[in-house]
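Here is the structure we will look at.
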Amino acid sequence: MPEPHVRSHFLDPDVARYAAEHVTPADDVQRWVHAETQERFPDWSVMQVGDDQSVLLEVLTRAMGVRSAVEVGTFTGSSALAIARGLAPGGRLVCCDISEEWTSVAREAWSRAGVADRVDLRIGPALDTLRALPAEPGLDLAFVDADKVAYVDYYAEIVPRLRPGGLLLADNTLQWGRVVDPSVADDNVVAIRAFNDMVVADDRVQSVLLPFGDGVTVAQRR
């Protein structure tokens, strides 16, 4: 079996390895994305979600019968591939990114997987794309994995657009564990602390922060 692509940092290494070995393994397209990203963008490849996160995204998307989804931060397309595969018939995923170069890999992956017709990739500032979406609460699912200093702003645009029961997932909300270190005050960590505090205090949602990957916050619209 190919080596799993693992990003969970908060478990005993032996437990993390055991858990990774008991996740549905990546298929040929997912492995191609990982390899292509590592070859073309080695300094940025850490931004990909892990195989376990991909499975979680696909399972949640399918279980919820998602027809309308949005992703903020697509990179080379691993997470979007998972969401697109889980969409209900006729479902659409709007992807927000600023890089034609990174997302060229994503486009190829979606084509290889036969899901390109489910994805609407919009290149440009994500806040502009989000603000152009219908204002009424019609989104089933949102995944945020982009610039951390803007998480609060993305959240502000997405939550009012989530239907009751809809989910917002945000990646990297533990910042490699640095959120609990008071000596760390870089922009990303400060922004994520503010985001985490805001989410847990927001009575519009019910939320949980999972020590999974680099921390995944799941917020459900009440």
Side-chain angles (χ1 to χ4, degrees), residues 1-64 71 73-86 102 105-106 109 112-113 141-148 151 167-186 188-193 195-197 199-200 206-220:
M1 180 182 295
E3 190 74 8
H5 177 67
V6 178
R7 289 191 66 241
S8 291
H9 310 298
F10 305 106
L11 294 175
D12 173 271
D14 290 336
V15 175
R17 175 59 53 186
Y18 181 86
E21 290 170 350
H22 291 82
V23 172
T24 300
D27 67 5
D28 290 344
V29 178
Q30 291 166 307
R31 290 195 294 272
W32 177 85
V33 174
H34 297 327
E36 190 75 3
T37 302
Q38 182 61 46
E39 179 178 339
R40 291 182 55 182
F41 313 113
D43 292 340
W44 298 97
S45 61
V46 70
M47 295 198 306
Q48 296 179 99
V49 298
D51 292 341
D52 48 0
Q53 291 171 287
S54 289
V55 173
L56 178 65
L57 284 169
E58 184 173 346
V59 166
L60 286 175
T61 302
R62 184 173 293 111
M64 293 179 62
E71 175 181 74
T74 295
F75 189 42
T76 54
S78 294
S79 51
L81 174 62
I83 295 169
R85 281 175 158 169
W102 287 345
V105 176
R112 287 174 179 237
L141 179 76
F143 181 58
V144 179
D145 186 12
D147 51 319
K148 311 313 168 191
Y151 267 34
L167 295 182
L168 181 150
L169 289 85
D171 199 15
N172 305 117
T173 52
L174 287 176
Q175 288 292 291
W176 302 80
R178 296 182 302 153
V179 287
V180 300
D181 184 346
S183 70
V184 177
D186 69 54
N188 285 343
V189 171
V190 170
I192 290 298
R193 287 184 187 127
F195 173 79
N196 291 338
D197 290 345
V199 173
V200 76
Q206 186 174 22
S207 66
V208 60
L209 202 171
L210 304 173
F212 172 72
D214 184 28
V216 178
T217 293
V218 182
Q220 184 174 45

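FYI, the numbering just counts along the sequence from 1. Note that the structure is a prediction, hence the values are computed from the model and not measured.
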Note to self: Checking Leu169 against Leu60 for the side chain to side chain contact (heavy atoms under 4.5 Å, CB included) test, could you report, in this order, the C-alpha distance in whole Å, the side-chain angles of both residues, the deciding distance, and whether it holds?
What the structure shows: CA-CA 10 Å; Leu169 289 85; Leu60 286 175; 3.9 Å; yes
Minimum-distance pair of heavy atoms, taken over all atoms of [X] and [Y]:
X      : Y      : result
Asp51  : Val23  : O-CG1, 4.2 Å
Ala109 : Val33  : CB-CG2, 3.3 Å
Lys148 : Asp171 : NZ-O, 4.2 Å
Ala113 : Arg85  : CB-NH2, 3.8 Å
Ala82  : Ser54  : CB-O, 3.3 Å
Thr74  : Ala106 : CG2-CB, 4.2 Å

Next item on the list: Would you please test Thr76 and Glu36 for side chain to side chain contact (heavy atoms under 4.5 Å, CB included) and show each step?
Entry: CA-CA 9 Å; Thr76 54; Glu36 190 75 3; over 6 Å; no
For [X], give me all partners under side-chain hydrogen bond (donor to acceptor under 3.5 Å, both in side chains), at least two apart in sequence or on another chain.
X      : result
Arg178 : Gln175, Asp186
Asp147 : Tyr154
Thr173 : Thr217
Asp14  : none

Item checked: Those residues that, when tested against Asp197, pass salt bridge (charged side-chain N to carboxylate O under 4.0 Å, His left out) (two or more places apart) -> none
Let me confirm one number: the [atom1]-[atom2] distance from [X] to [Y], rounded to the nearest 0.5 Å.
X     : Y      : atom1 : atom2 : value
Asp12 : Arg17  : CG    : CZ    : 12.0 Å
Gln30 : Ser78  : CD    : OG    : 7.5 Å
Leu81 : Asp27  : CG    : CG    : 7.0 Å
Leu56 : Phe143 : CG    : CZ    : 9.0 Å
Asp43 : Gln38  : CG    : CD    : 9.0 Å

Min side-chain heavy-atom separation [X]-[Y] under 4.5 Å:
X      : Y      : value
Leu174 : Leu209 : yes
Asn188 : Asn172 : no
Trp32  : Val105 : yes

Next item on the list: Using the test ring-ring contact (aromatic ring centres under 6.0 Å, His included), find all partners of Trp44 that sit at least two apart in sequence or belong to another chain.
Entry: Trp102
Next item on the list: Indicate whether any N or O donor in one side chain lies under 3.5 Å from an N or O acceptor in the other, for Glu71 and Ser79.
Entry: yes
Check: Judged by atom type as modelled, is there a donor-acceptor pair below 3.5 Å linking the side chain of Tyr151 to the main-chain atoms of Asn196?
Finding: no
Next item on the list: Give the C-alpha distance, both sets of side-chain angles, the deciding distance and a yes or no for side chain to side chain contact (heavy atoms under 4.5 Å, CB included) between Asp145 and Gln53.
Entry: CA-CA 12 Å; Asp145 186 12; Gln53 291 171 287; over 6 Å; no
